[in-house]
Amino acid sequence: MFLSKRDFEITVIEAIDTWLKEPGNLNRWVTAKTLHDESKLLVLGNKFSPRWPDSVKTMGRRMMYIADELADCFGMTKRISRGYTEYRFSRQ
């Protein structure tokens, strides 16, 4: 089965949606690493998915490509803190 770019984008959107349902994540500043690691546990556990971002860098890149959509859907804002990009989502 061939996966499109949009398939990968939808995976990130769904992962963020799932992650935001966890108490304390709304309006919390996180790095792509934190978001990648925590949402992976929630979405996949120990399973493998070819749609899942292989690395934190891939997760951050996918988020960058759909930043406008994430801002519209989840109220995503970004900042640089201690040399890292951090993300905050203000709505589910």
- Closest approach of His36 to Ser55 (non-hydrogen atoms, all atoms of both residues): CD2-O, 3.8 Å

- Item | Distance, nearest 0.5 Å, that separates OG1 of Thr58 from CH2 of Trp52 | 11.5 Å

- What distance do Tyr65 atom OH and Glu9 atom CD have between them, rounded to the nearest 0.5 Å? 9.5 Å

- Query: Are Leu42 and Leu35 connected in a single hydrophobic cluster, I mean Ile/Leu/Val/Met/Phe/Trp/Tyr linked by side-chain heavy atoms less than 4.5 Å apart?
  - Reply: yes

- Task: Apply side-chain contact (heavy atoms from CB on, under 4.5 Å) to Thr34 and Arg28, showing your working.
- Result: CA-CA 11 Å; Thr34 300; Arg28 176 181 162 208; 3.5 Å; yes

- Query: Hey, does Met63 have a side-chain heavy atom less than 4.5 Å from the side chain of Thr85?
  - Reply: no

- Query: What distance do Leu26 atom CG and Arg91 atom CZ have between them, rounded to the nearest 0.5 Å?
  - Reply: 10.0 Å

Side-chain donor-acceptor distances from residues 11-19 under 3.5 Å, at least two apart:
{"unit_1": "Thr11", "atom_1": "OG1", "unit_2": "Asp7", "atom_2": "O", "d": "3.0"}
{"unit_1": "Asp17", "atom_1": "OD2", "unit_2": "Lys21", "atom_2": "NZ", "d": "3.3"}
{"unit_1": "Thr18", "atom_1": "OG1", "unit_2": "Glu14", "atom_2": "O", "d": "3.0"}
{"unit_1": "Trp19", "atom_1": "NE1", "unit_2": "Glu38", "atom_2": "OE1", "d": "2.9"}

- Here the ring pair (Phe, Tyr, Trp, His ring centres under 6.0 Å) pairs for residues 70-92, sequence neighbours left out, are none

- Cluster check Ile10, Val43: I/L/V/M/F/W/Y, side chain < 4.5 angstrom: no

- Task: Hey, could you give me each pair passing salt bridge (Lys or Arg N to Asp or Glu O under 4.0 Å) that has a residue in residues 57-78? Not counting sequence neighbours.
- Result: Arg6-Glu69

- Considering all heavy atoms, the nearest Gly75-Ser90 contact: O-OG, 3.3 Å

- Are Val56 and Met76 co-members of a hydrophobic cluster defined by side-chain heavy atoms under 4.5 Å apart? no

